[in-house]
Amino acid sequence: MIAPLAVPSLLNALPLQSLVGLIAILLLAGVAMGFVSGLLGIGGGGILVPVLYEVFTAIDVEPAIRMHLALGTSLLVILPTSLRGFQTHISQGGVDFSLLKRIAPFIIIGVVFGTAFAARVESWVLKAIWVVFGGALALKMALGRDDWRLGDVLPAAPWPELYCLFVGFVSVLMSIAGASFVVTYLMLYNRPLLPSVSTSSGLGPLVAIPGVLGFMISGWGDVDLPTLSLGYVNLLAAAVIIPASVAMAPVGARMAHVLPKRALELAFAGFLGVVAVRFAINLASG
């Protein structure tokens, strides 16, 4: 049976000052996530997952499910945040709906396989995936150039579709929208940056909806869950973060049409690098 929907005893045990501090951290993470999600067309899980992992560590959630809970909760936050940012990109007229319809089914299939995989692996496997792909994404943002090319037009089927199948699989295991991988792919085939970001912002709901359902189902009835959780999705943390992230997503999306992004990309790359190293150290220490 599911953990009861009551005020968490874990939080009751915390001093008021610590509880206020945790809520403040979650709010700041929501602000940063929403802004980055709108600006770069990404889900923002790269910011939120490590923050949630540390918060769940602070309230002494069972180590075996901390990463699962961080991923599932982050996906729930990604859903309204990415929808808000996507709406803003639509209003700016940069979304290629024909391309989005082409790749959407394969993103969803990849997410379904990814959530099934996540339900059957231990926490260290998810951390290792985060280290590998988070580190790769950090390097791409730090070193990548907008003028790198593999071709002038997208390849014919099935290559973009197979790539998006992989993106969906990896994205749900990292709790990111997958837009970072798709934007990179589109630009390697001579797609302009802004339309690529705008179109890829539509991937967030495609990853988040099946991902949230999958993490809820796979964690249903786990006796180690903190209260106010539906499977591996913590409603309390999401309720704190969502208003801040949703409010900031359109701000970031509007800024995407007027601001250069290189400085933010470098800052985000640095953040991802630190997180990847943090999880790598955690893995090495057992």
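Under a hydrophobic clustering in which Ile, Leu, Val, Met, Phe, Trp and Tyr are joined whenever their side-chain heavy atoms come within less than 4.5 Å, directly or via other members, Phe35 and Leu28 fall into different clusters. Hydrophobic clustering places Leu137 together with Tyr163 (ILVMFWY residues linked when any side-chain heavy atoms are closer than 4.5 Å, directly or through intermediates). Tracing side-chain contacts under 4.5 Å through hydrophobic residues (I, L, V, M, F, W, Y), one never reaches Val207 starting from Leu213; they form parts of separate clusters. Hydrophobic clustering (side-chain heavy atoms under 4.5 Å, transitive across Ile, Leu, Val, Met, Phe, Trp, Tyr) keeps Leu83 apart from Leu48. Leu26 and Ile59 fall within a single hydrophobic cluster, where Ile, Leu, Val, Met, Phe, Trp and Tyr are joined by side-chain heavy atoms under 4.5 Å apart, directly or via other members.
When atom types are taken as modelled, the side chain of Trp220 and the backbone of Gly231 share no donor-acceptor pair closer than 3.5 angstrom. Looking at Ser175, its side chain does come within 3.5 Å of a backbone N or O of Leu71 through a donor-acceptor pair.
Taken to the nearest 0.5 Å, the CG atom of Leu52 stands 9.0 Å off from the CE atom of Met33. Within the model, atoms OG1 of Thr57 and CZ of Arg66 stand 4.0 Å from one another, a figure rounded to the nearest 0.5 Å. Here the CG-CG distance, from Leu283 to Leu126, works out to 10.0 Å after rounding to the nearest 0.5 Å. How far OG of Ser82 is from CG of Leu203: 9.5 Å, rounded to the nearest 0.5 Å. Between the CD1 atom of Ile107 and the CG atom of Leu165 there is a distance of 8.5 Å, given to the nearest 0.5 Å. Note that the CD1 atom of Ile108 and the CG atom of Leu206 stand 5.0 Å from one another [nearest 0.5 Å].
With a 4.5 Å cut-off on side-chain heavy atoms, Phe97 and Thr199 do not count as touching. Val125 places none of its side-chain heavy atoms less than 4.5 Å from the side chain of Leu173. Inter-residue side-chain proximity for Pro160 and Arg102 is flagged as met; some heavy-atom pair is nearer than 4.5 Å. With contacts defined as side-chain heavy-atom distances shorter than 4.5 Å, the pair Ile241/Leu27 does not qualify. Contact annotation: the side chain of Asp96 approaches that of Arg191 to within less than 4.5 Å [non-hydrogen atoms, C-beta and beyond]. Side-chain contact between Leu99 and Leu186 is present, with at least one heavy-atom pair separated by less than 4.5 Å. Two residues are said to be in side-chain contact when any heavy atoms from C-beta on lie closer than 4.5 Å; Pro205 and Leu79 meet this criterion. When side chains are defined from C-beta on, Leu75 does not count as touching Ile209, because their heavy atoms never get closer than 4.5 Å.
Contact detail for Ser196 and Val183: the closest heavy-atom pair is O-CG2, 3.6 Å. Looking at every heavy atom in both residues, Ser198 comes nearest to Gly94 through CB-O, 3.4 Å. Residues Thr73 and Ala238 share a closest heavy-atom pair of CG2-N, 4.1 Å. In plain terms, the two heavy atoms of Pro80 and Val246 that are nearest each other are CB-CG2, 3.7 Å. Nearest heavy-atom pair across Pro250 and Thr88 is CB-OG1, 3.4 Å. Nearest approach of Val131 to Ala280, heavy atoms of both residues: CG2-N, 3.6 Å.
With no hydrogens or angles considered, a side-chain donor-acceptor pair links Asn234 and Ser229 at under 3.5 Å.
Judged as a ring-ring contact (aromatic ring centres under 6.0 Å, His included), the pairs with a partner in residues 189-218 (not counting sequence neighbours) are, in order, Tyr185-Tyr189. Within the structure, ring-ring contact (aromatic ring centres under 6.0 Å, His included) contacts touching residues 51-88 (residues at least two apart or in different chains) are Tyr53-Phe279, His68-Tyr232.
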Show me the donor-acceptor pairs, under 3.5 Å and distance only, between side chains in residues 110-118 and residues at least two apart or in other chains.
residue: Thr115; atom: OG1; partner: Val111; partner atom: O; Å: 3.2
residue: Thr115; atom: OG1; partner: Val112; partner atom: O; Å: 2.9

